[in-house]
There are 2 protein chains.
Amino acid sequence: MDLGWSKLTMGDVATRAGVAKTTLYRRWAGKNELVVDAVAVLFDELELPDLGSLMADVEGVVLQFAALLERPETKTALMAVVAESTRDDALRGRIRSAIVDRQKRLVLVGRERAQARGELPYEPDPTASARHTDLIFDVVAGAVVHRALVSAEPVDEAWARDFTLLICTGLAATA
Amino acid sequence: MDLGWSKLTMGDVATRAGVAKTTLYRRWAGKNELVVDAVAVLFDELELPDLGSLMADVEGVVLQFAALLERPETKTALMAVVAESTRDDALRGRIRSAIVDRQKRLVLVGRERAQARGELPYEPDPTASARHTDLIFDVVAGAVVHRALVSAEPVDEAWARDFTLLICTGLAATA
DNA sequence: AGGCTTTCGCTACGAGCCGTAGCGTAACTG
DNA sequence: CAGTTACGCTACGGCTCGTAGCGAAAGCCT
């Protein structure tokens with residue numbers, strides 16, 4: 001949506017987009033809604049590669065996610081809107097529907113592929129399956145975000161391999 | 001430090017603390033530094049319970065961390081300062097030393113206990129050991145934060161049990 | 001073509017918050 | 001009791017959000 005996000009101000013966004021500031025307020029209710037939509041578009045770039053094994057697929061999406069989080073506009077916008085959502089219930093719901101629930105597709109696709117390959121068993125109970133999906137999503141997304149933005153250390157291939165091994169081993173052994 | 005954090009403004013903080021706003025600026029360089037110190041104090045409350053098994057210890061600290069994140073002042077302050085750190089290198093370093101590195105003690109203690117119990121093997125290589133510590137810390141802290149603040153779903157005992165099982169199984173199997 | 005509606009740009013503005021300057025005052029020290 | 005230190009208070013500049021009001025451009029309908 002934007003390239004530079006040097007600062008996260010509506011005036012800058014309007015200038016960069018080549019429109020007037022008032023136009024932004026005619027299309028979005030406020031800064032929060034605009035940023036959520038922008039972040040959601042960025043996250044839609046993510047795709048699950050089909051590399052032949054569960055571990056390779058997970059490692060691939062982890063590195064994709066890390067690359068997305070390295071872009072200054074992504075991490076700043078994402079964290080700003082999450083921080084704001086701790087005080088705004090409506091915004092929290094908007095994040096859930098526009099970002100979280102949308103990207104769970106990656107977990108669903110990955111698990112289906114792993115099941116088709118025989119790497120993971122089928123889960124007949126739909127509620128247990130949904131809980132499992134949520135758990136995996138929070139673990140993967142949370143770990144990458146925490147590593148990149150809180151610990152502030154690089155999500156490189158070595159880390160991705162270690163992480164993927166830990167998770168996939170746990171998944172295979174608990175199932 | 002404060003109780004209500006209805007809003008995260010220096011004026012409110014000063015009023016609530018019973019001091020003048022200028023006094024805060026005489027003690028801290030700015031809002032960010034103050035909030036980091038406040039959050040660091042809150043995180044120092046965490047302790048690793050000694051419940052007799054690795055899984056029980058992990059589950060206990062996960063629930064403690066979740067309880068900490070449920071307090072409005074904690075989650076708002078933590079995410080606000082993390083968001084700001086995406087644009088401020090000095091602040092990022094301050095978070096690392098005051099919060100991240102400090103709380104890694106929980107991982108170190110937990111692993112030592114598990115090794116003493118024979119649940120986990122000893123790791124002779126110190127760099128590999130440090131990498132492992134960082135990985136576990138990011139996975140546990142990241143997953144809990146993501147579940148609580150991004151997915152915005154409760155970190156209850158059922159989730160803590162599922163998560164702990166996944167992680168501890170992976171830890172035991174990969175080691 | 002002409003009128004009508006919608007959309008957009010622009011300027012100006014009020015409000016809230018950050019961080020600072022300047023001055024007065026209380027408390028502590030020797 | 002003089003000197004230093006720490007604090008309170010008011011006022012202010014600067015930045016940003018979000019809104020109001022007016023004018024212009026573009027599409028639509030007949």
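Just so it is clear, the values below take in all heavy atoms, side chains as well, and ignore hydrogens, waters and symmetry mates. In the text below, chain A, chain B and the rest are named by the order of the sequence lines, each starting its count at 1.
Listed nucleotides: D:dG8, D:dC17, C:dC18. Nearest to the side chain of B:R26: D:dG8. Looking at the side chain of A:T22, the nearest of the listed nucleotides C:dG9, C:dC18, D:dT10 is C:dG9. Of the candidate nucleotides C:dC17, C:dT20, C:dC10, C:dC17 has the atom nearest to the side chain of B:T9.
For the pair B:L34 CG and C:dC17 C1', the interatomic distance rounds to 15 Å; values are reported in whole Å. B:Y25 has its OH atom 12 Å from the P atom of C:dC17, to the nearest Å. Rounded to an integer number of Å, the gap from B:W28 CH2 to C:dT20 P is 15 Å. Atom CE of A:M10 is separated from atom P of C:dG9 by 13 Å (rounded to the nearest Å). Atom CZ in B:R27 sits roughly 17 Å away from atom C1' in C:dG19 (whole-Å rounding). A straight line from NZ of A:K31 to P of D:dT19 spans 14 Å, rounded to a whole angstrom. For the pair B:E33 CD and C:dG19 C1', the interatomic distance rounds to 12 Å; values are reported in whole Å. A straight line from CG of B:D12 to C1' of C:dC18 spans 13 Å, rounded to a whole angstrom.
Using a 4.0 Å cut-off between a side-chain N of Lys or Arg and a carboxylate O of Asp or Glu, A:R131 and A:D125 do not qualify as a salt bridge.
Look at A:T23 and you won't find any side-chain N or O under 4.0 angstrom from OP1 or OP2 of C:dC8.
With hydrogens and angles disregarded, no donor-acceptor distance shorter than 3.5 Å links the side chain of B:E119 to the backbone of B:S53.
Cluster membership for B:L68 and B:V107, using ILVMFWY side-chain heavy atoms within less than 4.5 angstrom, is shared. In the hydrophobic clustering of ILVMFWY residues, with side-chain heavy atoms under 4.5 Å counting as a link, B:L106 and B:V140 come out together.
You won't find any donor-acceptor pair under 3.5 Å spanning the side chain of A:K21 and the base of C:dG9, going by distance alone.
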